[in-house]
There are 2 protein chains.
Amino acid sequence: MTRAKKRSDWHVSRSLDIWGDKWSLLIIRDLMTAKQCTYSDFLKSPKRIATNILASRLHVLEENKIIRKLEHPDSKAKVLYRLTRKGNDLLPVVIEINLWAEKYFPIPDELNL
Amino acid sequence: MTRAKKRSDWHVSRSLDIWGDKWSLLIIRDLMTAKQCTYSDFLKSPKRIATNILASRLHVLEENKIIRKLEHPDSKAKVLYRLTRKGNDLLPVVIEINLWAEKYFPIPDELNL
DNA sequence: CTTTGCACTTGCATATTGCAAGTAAATTTA
DNA sequence: TAAATTTACTTGCAATATGCAAGTGCAAAG
């Protein structure tokens with residue numbers, strides 16, 4: 001195995017350790033278009049994530065500095081989540097996933113998207 | 001939610017349904033540098049995957065036409081796995097993951113990669 | 001000062017992953 | 001050519017992660 005392959009192996013697997021689960025990338029993707037979300041905004045997302053899982057994923061993403069919490073201007077009861085620079089830099093990954101999916105999964109008409 | 005966001009949502013989540021688990025993308029990444037692998041080659045990979053999980057992931061990836069099986073020229077006992085066009089087209093995704101990881105996870109010296 | 005909304009937590013069921021051992025067919029070795 | 005080994009898996013069970021429903025505590029609104 002080449003040095004380059006080993007490095008790539010390590011990089012990919014380090015990345016997946018953080019956001020390579022069933023939900024994290026969807027959370028990140030949500031934040032990319034929405035700029036910022038509250039906890040309950042995530043729960044309203046079409047792919048329904050369980051609230052305990054959401055909490056645990058947000059926690060891991062925050063620990064890894066991919067997202068951060070902000071005070072909500074309207075209320076202390078609300079929390080805003082936003083991508084950090086590091087999180088935003090995942091945009092090219094999400095874009096490439098979209099391009100791939102667009103090519104290989106034509107959206108059925110009846111979904112009306 | 002905009003139409004564009006919904007489409008992207010759907011695309012990302014359809015993609016992750018197939019290869020968004022803990023192992024699939026590592027398998028795919030292996031095949032990208034190796035061109036082709038046998039079952040036991042995967043098992044020798046530095047990130048140790050359990051053999052039953054490997055079998056089940058390979059099965060799902062094959063069903064989804066991301067990889068395919070080929071006869072091994074040397075022996076009927078061996079099987080070669082290779083990426084399809086569809087699988088190969090995931091290369092940009094893997095590249096972007098690498099670029100991101102390179103930026104944010106400097107490899108510790110002691111790993112010697 | 002009571003009710004509602006928001007961001008979680010808790011307890012338990014179900015699903016997914018991990019480990020160790022086993023199997024069957026093909027090949028190699030004695 | 002019979003026995004040992006290699007190869008690609010499968011099987012059974014333990015550990016971990018996810019899913020669901022209900023609950024908690026603080027903030028704000030009525």
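We name chains A, B, ... by the order of the sequence lines, and we start the count at 1 in each one.
Under 3.5 Å, the side chain of Asn52(A) and the base of dC8(C) form no donor-acceptor pair of N or O atoms.
Atoms CG (Leu54(B)) and P (dT11(D)) sit 16 Å apart, rounded to a whole Å. In this structure, Ile27(A) atom CD1 and dA7(C) atom P are separated by 14 Å, rounded to whole Å. Put simply, CZ on Phe42(A) is 16 Å from P on dG19(D), counting in whole angstrom units. When rounded to the nearest whole Å, the span between NE2 of His59(A) and C1' of dC8(C) equals 13 Å. If you measure from atom CD1 of Ile53(B) to atom P of dC9(D), you get 15 Å, rounded to the nearest angstrom. Separating the CG atom of Leu58(A) from the C1' atom of dA7(C) is a distance of 10 Å, rounded to the nearest angstrom. Rounded to a whole Å, the NZ atom of Lys44(A) is 11 Å from the P atom of dG5(C). Residue Asp41(A) contributes atom CG, which lies 13 Å from atom C1' of dG5(C) at whole-angstrom precision.
Closest approach to the Tyr81(B) side chain among dG18(C), dC9(D), dT18(D) is made by dC9(D) (side chain taken as heavy atoms from C-beta onward). Listed candidates were dC8(C), dT17(C), dA8(D). Nearest to the side chain of Lys78(B) is dA8(D). Nearest nucleotide to the Ser40(A) side chain, out of dT7(D), dC6(C), dG18(C): dC6(C). In the set dA7(C), dG18(C), dA8(D), dA8(D) carries the atom at the smallest distance from any side-chain atom of Tyr39(B).
With the nearest nucleotide of DNA chain C identified for both Leu80(A) and Lys22(A), Leu80(A) has the one nearer the 5' end. Both Ala50(A) and His72(B) lie close to DNA chain D; mapped to their nearest nucleotides by heavy-atom distance, the more 5′-ward contact belongs to His72(B).
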Set out, line by line, the N/O atom pairs under 3.5 Å between protein and nucleotides 22-28 of chain D.
residue, atom, partner, partner atom, Å
dA28(D), OP1, Lys76(A), N, 2.7

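Between Trp23(B) and the phosphate of dG18(C), there is a side-chain N or O to OP1/OP2 separation shorter than 4.0 Å. Taking side-chain N and O atoms only, Arg57(B) has a distance below 4.0 Å to OP1 or OP2 of dT17(C). An OP1 or OP2 oxygen of dA7(C) is reached within less than 4.0 angstrom by no side-chain nitrogen or oxygen of Lys69(A).
Within the model, atoms OG of Ser24(B) and CD1 of Ile66(B) stand 8.0 Å from one another, a figure rounded to the nearest 0.5 Å. Atom CG of Leu25(B) and atom CG of Leu61(B) lie 9.5 Å apart (nearest 0.5 Å). Atom OH of Tyr81(B) is separated from atom SG of Cys37(B) by 11.0 Å, given to the nearest 0.5 angstrom.
Looking at Asp9(B) and Arg14(B), no side-chain N of the basic residue comes within less than 4.0 Å of a carboxylate O on the acidic one, giving no salt bridge. The pair Lys22(B)-Asp21(A) fails the salt-bridge criterion, with no side-chain N (NZ, NE, NH1 or NH2) lying under 4.0 Å from an Asp/Glu carboxylate O. One finds no salt bridge joining Lys44(B) and Asp30(B) here, because no Lys/Arg side-chain nitrogen approaches an Asp/Glu carboxylate oxygen to under 4.0 Å.
Less than 6.0 angstrom separates the ring centroid of Trp100(A) from the ring centroid of Phe105(A).
Side-chain contact, Asp89(B) with Tyr104(A): a donor N or O sits under 3.5 Å from an acceptor N or O.
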